[in-house]
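Have a look at the structure below before the remarks.
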Amino acid sequence: MTNRLRFAVVIFIVATLGCASGLKLKRRVSQAHLTAHSLIMTLDVLEDAACKPDPAPADNHCTAVPVILTDAQHQRFSQLLAQAAEADARVGRVIILWNPDTPKPTDLASLTALAQQIKAIAEELAPSSKAVEILKTAIDLLNAALQIGGV
Amino acid sequence: MPVNPDQLSGYIALFQAALPLGIQMVQGIRALLADHGLTNEEINALEQQAVTEAEALKAKRERQGQS
């Protein structure tokens with residue numbers, strides 16, 4: 001991509017996100033949140049595939065052969081993912097309560113923190129799979145979009 | 001570092017699991033830059049679905065996070 005084209009893309013993003021207001025702004029914020037949410041759900045599926053947790057009695061240990069994740073890694077990952085899911089639900093509830101005719105809720109700053117949280121979780125998994133690099137790249141893109149959008 | 005063939009098949013399975021979801025995420029990010037004209041009620045319905053999924057995930061991962 002030439003520098004001129006990159007510049008045009010950045011201008012386009014700033015123009016489309018920066019000028020948003022009211023319902024349009026709520027749509028953009030919601031899309032950012034739903035993207036973050038799908039990243040969290042993706043990490044859940046990915047780790048399930050790496051671990052194949054035993055459903056009984058508490059599915060806190062892995063059964064995958066060959067072993068990709070230890071039980072301790074699975075438990076640590078699960079704790080982080082539970083925290084991210086809690087933050088994810090909290091952001092969703094704030095967006096639902098947001099009347100688009102009123103200013104953007106200040107609580108939405110936590111959406112940026114959520115993106116950082118997701119990246120940290122992906123990095124926990126990183127030694128386990130090159131596939132996580134795809135997720136990390138997507139998270140970087142999400143972070144860039146959030147910063148440009150002023151979320 | 002040499003890769004054990006068994007590990008390689010595990011990595012391939014992971015990659016296969018991640019790829020369609022990676023594509024879905026890229027689509028989500030592209031949607032972030034577009035405006036699909038959703039109403040406030042439609043946005044709230046999508047958000048409610050995400051909240052429900054997140055709450056279910058939280059419960060599942062809290063269970064799995066116990067040592």
Side-chain angles (χ1 to χ4, degrees), chain A residues 12-13 16-17 20 23-24 26-28 30-35 37-42 44-46 48-50 53 58-60 64-66 68 71-72 74-83 85-86 88-89 92-93 95-96 99-100 128-132 134-135 138 141-142 145 149, chain B:
Chain A
F12 171 76
I13 293 171
T16 53
L17 288 179
L23 183 59
K24 198 170 182 178
K26 180 166 174 172
R27 282 190 201 118
R28 302 245 184 273
S30 173
Q31 281 294 350
H33 170 243
L34 293 177
T35 303
H37 171 72
S38 69
L39 284 167
I40 291 172
M41 301 308 285
T42 300
D44 173 56
V45 170
L46 192 59
D48 268 349
D59 59 7
N60 62 348
V65 178
I68 297 174
D71 288 354
H74 168 58
Q75 289 157 16
R76 163 83 181 141
F77 179 90
S78 295
Q79 289 160 9
L80 292 172
L81 204 55
Q83 290 167 12
E86 186 176 5
D88 178 12
R93 284 191 287 267
I95 293 173
I96 291 168
N99 176 348
S128 311
S129 170
K130 290 284 182 190
V132 170
I134 298 170
L135 302 183
L141 283 170
L142 172 64
Chain B
M1 186 176 70
V3 178
N4 177 316
D6 287 340
Q7 280 183 317
L8 185 61
S9 66
Y11 288 143
I12 290 170
L14 277 179
F15 187 77
Q16 285 173 333
L19 191 59
L21 293 161
I23 292 168
Q24 188 187 334
M25 281 181 311
V26 170
Q27 287 171 340
I29 290 165
R30 286 177 64 191
L32 180 63
L33 302 176
D35 188 345
H36 295 302
L38 295 179
T39 65
N40 189 45
E41 290 70 28
E42 288 167 335
I43 294 168
N44 287 349
L46 289 172
E47 287 293 340
Q48 185 54 58
Q49 187 182 336
V51 168
T52 304
E53 287 174 357
E55 285 170 344
L57 178 63
K58 177 176 176 273
K60 169 187 158 186
R61 288 296 180 169
E62 277 179 346
R63 197 175 64 240
Q64 293 184 335
Q66 291 167 6
S67 52

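Note that these values count all heavy atoms, side chains included, but never hydrogens, waters or copies made by symmetry. Lettering of chains follows the sequences in order, A, B, ..., and the numbering in each one begins at 1. Note that the structure is a prediction, hence the values are computed from the model and not measured.
- Smallest separation of non-hydrogen atoms from B:E47 and A:G92: OE1-CA, 3.4 Å.
- Smallest separation of non-hydrogen atoms from A:A82 and B:E62: CB-CG, 3.7 Å.
- Taking both residues in full, the closest heavy atoms of B:V51 and A:A89 are given as CG2-O, 3.6 Å, listed atom of the first, atom of the second, then distance.
- Going from atom CG of B:L57 over to atom CE of A:M41 covers 5.0 Å, rounded to the nearest 0.5 Å.
- Comparing A:Q75, A:E86, A:H74, A:Q79 by how many heavy-atom pairs each has under 4.5 Å with chain B, the most go to A:Q75.
- A heavy-atom distance below 4.5 Å is found between the side chains of B:K60 and A:D48.
- Heavy atoms only, all atoms of each residue included: B:L38 and A:R27 are closest at O-NE, 2.7 Å.
- For the pair B:Q66 and A:N60, the tightest heavy-atom approach, listed with the atom from each and the gap, is O-ND2, 2.6 Å.
- A:R93 is listed as a side-chain neighbour of B:E55, based on a closest heavy-atom distance under 4.5 Å.
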- Passes side chain to side chain contact (heavy atoms under 4.5 Å, CB included), A:F77 versus B:R61? Steps please. CA-CA 9 Å; A:F77 179 90; B:R61 288 296 180 169; 3.9 Å; yes
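- Taking both residues in full, the closest heavy atoms of A:I95 and B:I43 are given as CG2-CG2, 4.5 Å, listed atom of the first, atom of the second, then distance.
- When B:Q49, B:E53, B:E42 are compared by the number of non-hydrogen pairs under 4.5 Å with chain A, B:E53 comes out ahead.
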- Give the C-alpha distance, both sets of side-chain angles, the deciding distance and a yes or no for side chain to side chain contact (heavy atoms under 4.5 Å, CB included) between A:Q31 and B:L46. CA-CA 10 Å; A:Q31 281 294 350; B:L46 289 172; 5.7 Å; no
